[in-house]
Every structure is written in structure tokens, then in C-alpha cells.
Amino acid sequence: MKIFNMPKAEPKSIQELMQRAEALAGLTLGEVAEVAGVRVPVNFKREKGWTGQLIELCLGASAGSKTQQDFAKLGVELKTIPIDNIGKPLETTYVCYAPLTDIAGIEWQTSSVKNKIQQVLWMPIDGRREIAPKDRCIATPLLWSPSTAQENQLRTDWEELMEMIALGQIESITARHGQYLQLRPKAANGNVLTEAIGNSGQVIHTRPRGFYLRKEFTGKILSTFFNHGEL
DNA sequence: GAGTGATCATAA
DNA sequence: TTATGATCACTC
């Protein structure tokens, strides 16, 4: 007796995707992993992206690293998000790599950030560290698209950060910049370098960066959804 | 305790 | 090497 079915192909509609996602709600990662036939890590010190990959597998997303959305055909990006006992995010949310060169002419409307957050299927999952991964429960999924106000907030931060990058100020950007969208290192380790623009317009080498959504931003998305727009 | 900067596994 | 999936863990 299976508690849910492993998909054999990508969902053909958003309705089908949501049905698959909702079928996982209430289950633990251990239960889901058993059906999927994968082992559950004792902790995430090594396999940090394990949860996301498991959910991708169970929703029928094609694996692999693509610049596109997880369900490009449906225009939906999948994100698992660790929450505490009252539904607040425990971690920031990675969005995408930040372009550090050839950025002349890049605009918000065609940016990777805008493309990724256009429509997101959030899968909140209990992420409290005192609970073993196999016992962590999947909460109710929600399909979200940014409101005009939310998009403007992110656009403002994105434009500020991109301008600094364009002006060769990448080395002076810290995670404190940006109200809702921040820029942080994103690499295997601190030795990884990539090209960027220096303060005199020359090519320099710096750690790769990624855009992340602050917990305050994602927290509002979740609370708005679960409180029917209030609070 | 929160948040920033660092890190881990895997794919193509 | 760059990108995906993220969480860890040290510092304040």
C-alpha cells in the first residue's frame, strides 16, 4: 500500500503538479524517501541539497542543473523551504547565480532573478535541527507569484546590487546590502574564483556570488498564505 | 540567537 | 567550470 505514487513523467498542468505536491503534505521525509527508494541522511552537513532533490524526484521534475525553471513548460520554479514550529523560515532562499561580467544592458525584466521568482511552488518542510531528517514533516505546499509590491521590492534591491557590480564595486558588497534580496558567496569553497569587474573597469577574480531571498521576505509569503492575507 | 560568509554533493 | 539543490558554522 503506497502512500503516494512516484511520477513517471513531468506534470502536464499546474493542476497536476499541485495534486502531486499536495499528496506529499503531512508525510515525513523518511516516508517519502522510502517510496522513492533513497536513503535519508542522518544530517545535512554533507548532502545539503538532498531534500530539494527528493522533492524534485517525487514531483516529476527532470534532474540536472538548468538555468530555467524546474517546470519550464508550466513556468513554475520549485523551492523547498525549511521552517520552524510556527512556520517561519529557518534559512534564506537561494535564487540564482549573479552575473558578474558582460552585464551591460541587463534589465530586471529579463533577469534570471525575475524569471525564477515569477511563479514559485513553495514546499515548506520542518527544518528544525533537533528533529532527525527522516522525521521532518512536509507542510502544505503553496503556489505563489509576486504581487506588484513584492516584485518592486526585489527589483529595487536587484538594481542596486547590479549597479554596484557594474561599477566594479563587487568587493564592497556584503550580505547586508539589499532589503529583501541579498548577494552572498556561492561556491564549493573560498578558493573558487570567477571573473568580475574591478573598480577601474579591469578584469578581477572574485568568489562567485548568488542572489538569496531574506527570511523576512519568504516569511511574509508563507504567513500571508496561511493567514488568508492577514497578519 | 541571528545573520553573514563558507561550504557540500552532484550534473553537464 | 558553472550551475543546480541548499544548510552549515563561525562571528558578532
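Side chains are part of it too, since the values below use all heavy atoms of this structure and drop only hydrogens, waters and symmetry mates. In what follows, every chain begins at residue 1, and chains take the letters A, B, ... in the order their sequences are listed.
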With respect to the side chain of A/Tyr97, which nucleotide from B/dA6, C/dT7, C/dT4 is positioned closest?
C/dT4

Classify the side chain of A/Tyr212 and the base of C/dA6 as holding, or not holding, a donor-acceptor pair under 3.5 Å.
yes

Expected rows: protein N/O vs nucleotides 9-12 of chain C N/O, under 3.5 Å:
none

Cation-pi between A/Lys186 and A/Tyr97: NZ/CZ under 6.0 Å from ring centre and within 45° of the ring axis?
no

So how far is it from A/Glu56 CD to A/Thr51 OG1, rounded to the nearest 0.5 Å?
11.5 Å

Scan A/Glu77 against the nucleic acid and name what it touches under 4.0 Å (heavy atoms): base, sugar-phosphate only, or nothing.
sugar-phosphate

Whole-Å distance separating the NZ atom of A/Lys66 from the C1' atom of B/dA12
12 Å

Give one of base, sugar-phosphate or nothing for A/Asp70, where a contact means two heavy atoms less than 4.0 Å apart.
sugar-phosphate

Would A/Gln69 and A/Lys116 count as having a side-chain donor-acceptor pair, cut-off 3.5 Å?
no

Note down the inter-axis angle between the two ends of the helix from B/dG1-C/dC12 to B/dA12-C/dT1, five pairs each, to the nearest 10°.
30°

Stretch residues 168-189 of chain A: residues that reach within less than 4.0 Å of DNA chain B through a heavy atom:
A/Thr174, A/Ala175, A/Arg176, A/Gln182, A/Arg184, A/Pro185, A/Lys186, A/Ala187, A/Ala188, A/Asn189

Would you indicate what A/Pro208 reaches in the nucleic acid, counting non-hydrogen atoms under 4.0 angstrom: base, sugar-phosphate, or nothing?
nothing

Applying a 4.0 Å non-hydrogen cut-off, can you work out what A/Gly49 is touching in the nucleic acid: base, sugar-phosphate, or nothing?
base

Between A/Arg136 and A/Leu193, the residue closer to the 5' end of DNA chain C by nearest nucleotide is A/Leu193

Identify whether any heavy atom of A/Thr51 sits under 4.0 Å from a base atom; if not, whether one sits that close to sugar-phosphate; answer base, sugar-phosphate or nothing.
nothing

Answer yes when A/Lys114 and A/Glu77 have at least one side-chain N-carboxylate O distance shorter than 4.0 Å, and no when they do not.
no

Which part of the nucleic acid, if any, lies within reach of A/Phe44 when heavy atoms closer than 4.0 Å are counted: base, sugar-phosphate only, or nothing?
sugar-phosphate

Do A/Gln150 and A/Trp144 get their side chains close enough for a donor-acceptor pair, meaning under 3.5 Å?
yes

Within the 3.5 Å criterion, strictly below it, is a donor on A/Thr92 or A/Arg184 matched to an acceptor on the partner's side chain?
yes

Quick one: which of B/dG5, C/dA6, B/dG3 gets closest to the side chain of A/Lys215?
B/dG3

Would you say A/Asp102 has more than 12 foreign heavy atoms packed within less than 6.0 Å of its CG?
no

